[in-house]
Amino acid sequence: MRELCSAIDRDGYALLRGAFGPDEVAAVLRALTTALSAGADGPAIRGLEGAVYASRNVLALWPDAGDVWRRAPLGELLHAVLGPACGLVRALFFDKPPGQSWALPWHKDLTIAVRDNRLPSAQFGKPTTKAGIPHVEVPRSVLEGMLTARIHLDEITDENGPLKVLPGSHRTGKELVLDGEPRTVLSAAGDVLLMRPLLAHASGRSHPTTARHRRILHLELAASPALPDGYAWHDFLP
């Protein structure tokens, strides 16, 4: 546990291996698949053939996602990094289905979901609406009190568009500085990648001939339920 906490502080990320066993991964996949398939008008994002490859508002479709992060040893590690007042503030789902892959350039995660993004503030800006939910770009201080847990529901290999990260880039704040040697994060199903939002990361497309999915339950957690300037998280589940 101490080594993982040190890695998150030093590199901006760490891989918690074997956090979920095969039966637990299968149960999460079954529940997610059922929830995401229910209703074409929900917050799930579908490809041209109707297959779900993403959802921004997983908590609206599958409220039990709010309990997944509490399981040992993941819950203990999150509390060790963020403190006892931490809570889940957003849950997303990503897939790179065979034949419908996608890529993301180098970036940092700078926005959060809030109840109202129209409040006057010198610290919050660039309000947007994603899948009907208000979002806003937040100050560095808020992002430094957050941690993302990416639960890998499939084996991640070079075939299915793995994430690349720049170790230590979380220390440059919101500025995207592409210095250093990128690392590719490969993992088994059931592993959890913990990363700071300010860590620079990117991913490429899956190989055109692969039959592999790359399904990830993406959970964003914050150290405190409080936000400055009267802003409030859209969700906060302690």
Side-chain angles (χ1 to χ4, degrees), residues 1-32 35 55 57-59 61-94 108-109 112-113 138 140-156 162-163 165 167-171 183-199 201 214-227 232-238:
M1 187 77 70
R2 184 176 300 176
E3 291 180 1
L4 292 173
C5 291
S6 296
I8 292 170
D9 182 59
R10 179 186 66 247
D11 298 328
Y13 78 100
L15 190 63
L16 176 61
R17 296 191 180 275
F20 295 85
D23 291 342
E24 292 175 305
V25 171
V28 170
L29 274 173
R30 283 194 302 270
L32 262 175
S55 177
N57 306 325
V58 170
L59 287 171
L61 287 172
W62 184 44
D64 286 347
D67 294 323
V68 174
W69 69 278
R70 297 189 177 102
R71 302 179 191 179
L74 179 57
E76 286 86 344
L77 180 55
L78 291 168
H79 277 91
V81 175
L82 295 175
C86 70
L88 178 69
V89 295
R90 189 163 65 155
L92 302 90
F93 169 78
F94 303 117
K108 299 186 175 190
D109 296 332
I112 64 170
V138 297
R140 176 175 178 171
S141 59
V142 172
L143 297 168
E144 288 179 335
M146 296 181 66
L147 192 67
T148 296
R150 292 167 60 98
I151 302 173
H152 295 161
L153 303 174
D154 295 293
E155 182 183 12
I156 308 295
L163 199 72
V165 300
S169 56
H170 63 302
R171 297 187 178 278
R183 294 179 189 169
T184 300
V185 181
L186 306 180
S187 70
D191 291 350
V192 179
L193 174 64
L194 297 133
M195 55 182 282
R196 293 293 190 181
L198 290 171
L199 180 74
H201 55 286
R214 196 205 68 164
R215 290 168 291 191
I216 291 172
L217 181 60
H218 171 112
L219 305 178
E220 297 177 3
L221 296 106
S224 170
L227 287 172
W233 301 101
H234 188 270
D235 296 290
F236 189 93
L237 302 179

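Each residue takes its place number in the sequence, starting with 1.
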Would a 4.5 Å heavy-atom cut-off, applied to side chains only, mark [X] and [Y] as touching?
X	Y	answer
L4	V81	no
S169	L198	no
M146	V89	yes
S187	L193	no
L163	M195	yes
L143	V138	yes
L77	L194	yes
V28	W62	yes

Compare every heavy atom of [Y] with every heavy atom of [X], then report the nearest pair and how far apart it is.
X	Y	value
L82	G145	CD2-O, 3.7 Å
A232	L227	C-CD1, 3.7 Å
F93	V58	N-CG2, 3.6 Å
P73	A19	CD-O, 4.0 Å
T184	P162	CG2-CG, 3.6 Å
P225	A85	CD-O, 4.0 Å

For the pair D9 and R196, find out whether any cationic side-chain nitrogen is under 4.0 Å from an anionic carboxylate oxygen.
-> no
Identify whether the distance between the nearest side-chain nitrogen and carboxylate oxygen of D154 and R214 falls below 4.0 Å.
-> no
To the nearest 0.5 Å, what is the distance between [atom1] on [X] and [atom2] on [Y]?
X	Y	atom1	atom2	result
W69	E220	CH2	CD	13.5 Å
C5	L78	SG	CG	9.5 Å
R215	E155	CZ	CD	12.5 Å
E24	L153	CD	CG	11.5 Å

Under 30°, 30 to 60°, or over 60°: which ring-plane class applies to F94 and H218, parallel, tilted or perpendicular?
-> perpendicular
Should V192 and H152 be marked as a side-chain contact (heavy atoms from CB on, under 4.5 Å) after you check the CA-CA gap, both sets of side-chain angles, and the distance that decides it?
-> CA-CA 6 Å; V192 179; H152 295 161; over 6 Å; no
Start with the C-alpha gap between L219 and I151, add the side-chain angles, then the distance that decides, and say whether side-chain contact (heavy atoms from CB on, under 4.5 Å) holds.
-> CA-CA 8 Å; L219 305 178; I151 302 173; 3.9 Å; yes
Identify, with sequence neighbours excluded, every residue that meets salt bridge (charged side-chain N to carboxylate O under 4.0 Å, His left out) alongside R10.
-> none
Any donor and acceptor pair, going by atom type alone, linking the side chain of W233 with main-chain N or O of S224 inside 3.5 Å?
-> yes
Look at the side chain of R90 and the backbone N and O of L59, then say whether any donor-acceptor pair between them is shorter than 3.5 Å.
-> no
Please identify each residue that fulfils side chain to side chain contact (heavy atoms under 4.5 Å, CB included) with P167, with sequence neighbours left out.
-> D11, Y13, R183
Please lay out, stage by stage, how I8 and L147 fare under the test side-chain contact (heavy atoms from CB on, under 4.5 Å).
-> CA-CA 9 Å; I8 292 170; L147 192 67; 4.0 Å; yes
side-chain hydrogen bond (donor to acceptor under 3.5 Å, both in side chains) filter on H170, not counting sequence neighbours, yields none
List the steps, then state whether side-chain contact (heavy atoms from CB on, under 4.5 Å) holds for R70 with L88.
-> CA-CA 10 Å; R70 297 189 177 102; L88 178 69; over 6 Å; no
